[in-house]
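Notes to accompany the following structure.
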Amino acid sequence: MPELPEVETVRSQIEPYLVGSTVINADSHPSDKFTPALEVIGSQFQSVHRRGKFILAATDAGQEFIVHLGMTGKVSFSDSLTDNPYRRAWLELDDSMARYFEFIDVRRFGRLRLVEAGDYSKIATLKTMGPEPFGSEVNVEDFWAALKKSSRAIKTQLLSQRPIAGVGNIYADEALWMAKINPTAKTISKQRAKDLLEAIQVALQKGIDNGGTTLRDYRNAFDAEGQNQHELLAYGRAGEPCLRCGKALSSKVIDARTTTWCSNCQRR
DNA sequence: CCCAACTCCTGGGCGC
DNA sequence: TGCGCCCAGGAGTTGG
């Protein structure tokens with residue numbers, strides 16, 4: 001699943017292609033998830049940033065073209081359009097290193113948006129999103145305070161993007177395992193919040209360093225797999241021995257997401 | 001405002 | 001070999 005490490009990998013790859021390029025033509029799947037591609041025709045990209053799992057490309061028209069990969073979204077560049085049946089949108093670029101930017105998404109959980117720069121009022125997840133895990137604003141006090149405001153399971157809270165941005169199912173399980181916190185815990189001490197915040201940073205940085213996690217669908221902008229799947233500590237290891245204590249890892253569904261943890265190391 | 005439940009999507013894996 | 005079923009999950013929507 002594209003989470004912060006995968007999205008950051010893609011962002012860094014598409015940045016040099018988009019910045020300075022003008023969209024001279026575009027087309028999309030008829031769903032309004034993808035038709036915003038048509039609205040960016042005539043605009044020139046000026047920067048490509050990331051916020052959580054969203055890629056934000058600023059234009060000279062004072063807008064931001066937003067790309068969200070969803071579950072199976074991929075981007076690619078080419079000199080001629082491919083015949084991929086799952087292409088949901090494409091942009092023709094003037095003065096880029098490649099003529100076409102394509103957005104391919106088998107399951108159509110991804111989406112495109114075009115908003116006035118900085119106006120996320122109509123994108124709830126962005127609007128309520130917590131700080132960037134590697135940003136200057138992140139701190140234990142706010143993170144702990146955010147967790148205390150909700151009575152939901154901590155795993156659910158992480159997936160909500162509110163305490164901190166960019167964590168999805170894989171890295172949530174990884175970080176909770178690293179910090180020895182039970183995913184169903186509803187409140188945690190400030191010290192444990194500190195441990196969890198640090199574990200989130202470690203898990204995400206490891207994912208970035210490994211080029212993301214490819215379980216099945218994820219590929220970067222150059223169609224390459226990540227390598228982090230070979231170093232997962234908890235996610236997907238249900239029934240296998242805990243790498244700390246040896247007990248078989250447990251698994252259950254929390255908030256409709258498969259969750260794996262060690263019932264010995266991660267006690268409530 | 002929060003939250004739980006539901007919805008969107010389709011290839012791949014599995015049982016029979 | 002093929003059919004039917006179910007799973008994967010980020011986030012938007014809806015109703016309480």
Side-chain angles (χ1 to χ4, degrees), chain A residues 1-11 28-36 50-56 66-75 84-89 103-115 119-130 133 145-176 183-184 186-187 200 203-204 207 212-219 223 225-226 228-229 232 234-239 251-261:
Chain A
M1 315 7 118
E3 305 177 33
L4 187 150
E6 293 74 29
V7 176
E8 177 56 27
T9 300
V10 170
R11 186 211 65 78
S28 82
H29 181 280
S31 166
D32 59 12
K33 290 178 174 179
F34 310 109
T35 53
R50 179 191 54 72
R51 183 80 173 90
K53 305 171 195 172
F54 294 76
I55 294 172
L56 312 169
I66 301 177
V67 179
H68 196 287
L69 301 177
M71 285 295 296
T72 56
K74 304 172 190 178
V75 301
N84 191 314
Y86 303 114
R87 182 180 58 234
R88 309 306 184 188
F103 185 76
I104 294 157
D105 184 9
V106 172
R107 289 167 61 187
R108 287 188 266 157
F109 274 27
R111 62 175 54 211
L112 307 174
R113 299 290 291 263
L114 187 68
V115 301
D119 178 12
Y120 308 132
S121 59
K122 292 179 180 172
I123 305 176
T125 304
L126 265 178
K127 187 179 171 185
T128 61
M129 184 171 283
L147 292 178
K148 281 199 292 188
K149 278 198 293 187
S150 171
S151 60
R152 309 173 86 183
I154 198 153
K155 166 84 181 263
T156 303
Q157 294 192 56
L158 292 178
L159 297 183
S160 78
Q161 307 301 300
R162 292 181 186 190
I164 196 158
V167 178
N169 205 35
I170 296 172
Y171 297 98
D173 278 10
E174 293 295 287
L176 289 166
T184 63
K186 289 180 167 54
T187 56
I200 287 168
L204 293 175
T213 303
T214 297
L215 294 172
R216 179 181 304 170
D217 296 299
Y218 171 69
R219 298 292 186 282
D223 209 34
E225 297 184 357
N228 200 56
Q229 65 276 15
L232 294 174
Y235 181 90
R237 298 192 67 250
S251 179
K252 77 167 187 174
V253 175
I254 298 176
D255 192 33
R257 302 294 176 256
T258 302
T259 300
T260 303
W261 81 101

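Only heavy atoms go into these numbers, but all of them, side chains included; no hydrogens, no water, no symmetry mates. Convention: sequence-line order gives letters A, B, ...; per-chain numbering from 1.
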Along DNA chain B (nearest heavy atom to each residue), the more 5'-positioned of A:Arg216 and A:Thr128: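 Of the two residues, A:Thr128 wins.
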Can you tell me how far [atom2] of [N] sits from [atom1] of [X], to the nearest Å?
X: A:Ile104; N: B:dT10; atom1: CD1; atom2: C1'; value: 16 Å
X: A:Lys186; N: B:dC2; atom1: NZ; atom2: P; value: 18 Å
X: A:Lys74; N: B:dT10; atom1: NZ; atom2: C1'; value: 13 Å
X: A:Phe54; N: C:dG10; atom1: CZ; atom2: P; value: 12 Å
X: A:Leu69; N: C:dG12; atom1: CG; atom2: P; value: 13 Å
X: A:Leu215; N: C:dG10; atom1: CG; atom2: P; value: 11 Å
X: A:Ile254; N: C:dA8; atom1: CD1; atom2: P; value: 13 Å
X: A:Gln157; N: B:dC2; atom1: CD; atom2: C1'; value: 12 Å

Check whether any side-chain nitrogen or oxygen of [X] sits under 4.0 Å from OP1 or OP2 of [N], and answer yes or no.
X: A:Thr72; N: B:dT10; answer: no
X: A:Thr125; N: C:dG12; answer: yes
X: A:His68; N: C:dA11; answer: yes
X: A:Arg111; N: C:dG10; answer: no
X: A:Thr258; N: C:dA8; answer: yes
X: A:Lys33; N: B:dC8; answer: no
X: A:Tyr86; N: B:dC9; answer: no

Encoded 5' to 3' (Watson-Crick or G-U under 3.5 Å; [ ] crossing; | other strand), DNA chain B becomes .|||||||||||||||
All ring-ring contact (aromatic ring centres under 6.0 Å, His included) counterparts of A:Tyr171, not counting sequence neighbours: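 In terms of ring-ring contact (aromatic ring centres under 6.0 Å, His included), with neighbours along the sequence ignored, A:Tyr171 is linked to no residue.
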Closest to side chain of [X], choosing from [options]:
X: A:Arg108; options: B:dC8, B:dT10, C:dG10; value: B:dT10
X: A:Arg107; options: B:dG13, B:dT10, B:dC3; value: B:dT10
X: A:Arg152; options: C:dA11, C:dA8, B:dC3; value: B:dC3
X: A:Arg162; options: B:dC2, B:dC9, B:dA4; value: B:dC2

Between the side chains of A:Ser151 and A:Lys186, does any donor sit under 3.5 Å from an acceptor?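 Absent: no donor and acceptor within the cut-off.
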Indicate whether any N or O donor in one side chain lies under 3.5 Å from an N or O acceptor in the other, for A:Thr72 and A:Asp217.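 No, no side-chain donor-acceptor contact under 3.5 Å.
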For A:His68 and A:Phe54, take the angle between the two ring planes, folded into 0 to 90°, and tell me which bin it lands in: parallel under 30, tilted 30 to 60, perpendicular over 60.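 Rings of A:His68 and A:Phe54: perpendicular, over 60°.
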Quick one: does any side-chain atom of [X] pair with a main-chain N or O of [Y] as donor and acceptor, under 3.5 Å?
X: A:Glu8; Y: A:Pro5; value: no
X: A:Gln157; Y: A:Arg152; value: yes
X: A:Lys33; Y: A:Leu112; value: no

Counting distance alone, no hydrogens or angles: does the base of C:dG10 have a donor or acceptor under 3.5 Å from a partner atom on the side chain of A:Arg257?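 Indeed, a donor on one side and an acceptor on the other fall under 3.5 Å apart.
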Sugar-phosphate only, base, or nothing, as touched by A:Tyr235 at under 4.0 Å among non-hydrogen atoms: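 Result for A:Tyr235 = sugar-phosphate.
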Under 4.0 angstrom, heavy atoms only, what part of the nucleic acid is A:Met1 near: base, sugar-phosphate, or nothing?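 Sugar-phosphate contact only.
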Using 4.0 Å as the upper bound for N to carboxylate O, is an ion pair formed by A:Glu225 and A:Arg219?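 Looking at A:Arg219 and A:Glu225, the cut-off is met.
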